[in-house]
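Written out below as structure tokens is the structure these notes cover.
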Amino acid sequence: MGGVKSRQSRLGGYAGIVQLSRHPESATRDGNQTLARGLRVFLAIADADNGMTVPQVEEMLGVHRSIAYRLLQTLSDFGLVSRGRKGVYLPGARLATLADSYLPSLREIAIPFMRRLADQLQSTVALFVEQGTDALAVAMVEPTTSRHHIAFQSGMWTPMDRGSAAYAILAGSPPVDGEPDAVRIARENGYARSHGEVEIGEYGVAAWIPLAAPLPRACLNVITHRPDIAESVGPEVRKAADKMGAALLASTA
């Protein structure tokens, strides 16, 4: 758990959630070494709070400093990173356009629903989509009605075998052999709940969003430290997810 700012509990780098640069598939998949190194550097800089220097990249990759510098220079040439003061490389402006190009219609329609739900429930709301064996948070909205809430970072992954977001995404599809009991219960209730499976002491309440291909399976996930909210908000999350799905369907009609 990171530091507390404005009495917000800030998630990131804990068991159950990994940052993009630490995603297990990206660390183990075979491929072109130079490309893999460049992508690893790019994601590490995107994850870093204060950017990275050439020596830090050199140490992370275990390569000669000249190789680290060439990788950074190539990323800079494409606008993916930029060199700031004191030789620190930061995320580049091109990153903003890349982020905007990922599921733009889904995120554009989701944000208003998420904002209303976050303020209504005084809790953080995240939009998760399925990606391989993980659920990826692609958008996050914090409530404006409460200072006591969890601040969750977009771009974080959680495995599909734990937590309310994963259970809800799986519950939105027909049953399969061997699925967790939590998925079956979520399918019966219309929403999933979990406690302490991703972060100790935190509650998650999620409902799958009815979407049609080619959009990935997705859910709205409420994250809170309050048990009273976790116990009562399931139907509201289900309602918001259904309305969002209907809005997406109408936008493509």
> Hey, is the main chain of Thr53 close enough, under 3.5 Å, to the side chain of Gln56 for a donor-acceptor pair?
Replying inline: yes
> Just by modelled atom types, is the Leu72 backbone N or O under 3.5 Å from a matching donor or acceptor in the Ser76 side chain?
Replying inline: no
>> The test is side chain to side chain contact (heavy atoms under 4.5 Å, CB included); show your working for Arg83 and Gln73 and say whether it passes.
In response: CA-CA 9 Å; Arg83 189 176 187 275; Gln73 188 58 51; over 6 Å; no
Nearest non-hydrogen partners of [X] and [Y], listed with the distance:
| X | Y | value |
| --- | --- | --- |
| Gly190 | Ala207 | O-CB, 3.8 Å |
| Gly163 | Val198 | CA-CG2, 4.0 Å |
| Ile169 | Ala218 | CG1-C, 4.0 Å |
| Ala241 | Ile209 | O-CG2, 3.8 Å |
| Met114 | Leu220 | CG-CD2, 3.7 Å |
| Ala168 | Ala192 | N-CB, 3.7 Å |

> Is there a donor-acceptor contact under 3.5 Å linking the side chains of Ser173 and Arg217?
Replying inline: yes
> Can you find a side-chain donor-acceptor pair between Glu236 and Tyr191 that sits under 3.5 Å?
Replying inline: no
Note, [X] side chain near [Y] side chain (heavy atom, < 4.5 Å):
| X | Y | value |
| --- | --- | --- |
| Asp134 | Thr158 | no |
| Asn221 | Val237 | no |
| Val41 | Tyr89 | no |
| Arg187 | Glu179 | yes |
| Val88 | Met52 | no |
| Val205 | Ser164 | no |
| Leu215 | Val129 | no |
| Pro216 | Gln131 | no |

Find the distance between [atom1] ([X]) and [atom2] ([Y]) and round it off to the nearest 0.5 Å.
| X | Y | atom1 | atom2 | result |
| --- | --- | --- | --- | --- |
| Thr124 | Met140 | OG1 | CE | 6.5 Å |
| Phe42 | Arg94 | CZ | CZ | 10.0 Å |
| Arg184 | Asn189 | CZ | CG | 9.5 Å |
| Arg65 | Glu59 | CZ | CD | 10.5 Å |
| Gln33 | Leu35 | CD | CG | 11.0 Å |
| Ile229 | Gln120 | CD1 | CD | 10.5 Å |

Please say yes or no: joined through hydrophobic side-chain contacts below 4.5 Å, possibly via intermediate residues, are [X] and [Y] part of one cluster?
| X | Y | result |
| --- | --- | --- |
| Leu39 | Phe78 | no |
| Ile185 | Met160 | no |
| Val57 | Leu90 | no |

>> Using the side-chain contact (heavy atoms from CB on, under 4.5 Å) definition, which of the options Thr224, Asp119, Leu121, Leu117 pairs with Pro143?
In response: Asp119
> Do we get Arg115 above Phe113's six-membered ring, with its NZ or CZ under 6.0 Å from the centre and within 45° of the axis?
Replying inline: no
> Within 45° of the six-membered ring axis of Trp208 and under 6.0 Å from that ring's centre, is NZ or CZ of Arg238 located there?
Replying inline: yes
>> If you count every heavy atom of other residues, nucleotides or ligands that lies below 6.0 Å from Asn50 atom CG, does the total exceed 12?
In response: no
> Crowded around Glu108 CD? As in, over 12 foreign heavy atoms under 6.0 Å?
Replying inline: no
> Between Arg162 and Glu197, is there a side-chain N and carboxylate O pair less than 4.0 Å apart?
Replying inline: no
>> Before you tell me yes or no, could you show the steps for Ile223 and Ser123 under side chain to side chain contact (heavy atoms under 4.5 Å, CB included), namely the whole-Å CA-CA distance, both residues' side-chain angles and the distance that decides it to 0.1 Å?
In response: CA-CA 6 Å; Ile223 309 162; Ser123 302; over 6 Å; no
> Hey, mind stepping through Phe128 and Leu136 against side chain to side chain contact (heavy atoms under 4.5 Å, CB included) and telling me if it holds?
Replying inline: CA-CA 5 Å; Phe128 276 86; Leu136 169 66; 5.7 Å; no
>> Walk me through whether Val176 and Leu170 qualify under side chain to side chain contact (heavy atoms under 4.5 Å, CB included).
In response: CA-CA 9 Å; Val176 297; Leu170 295 173; over 6 Å; no
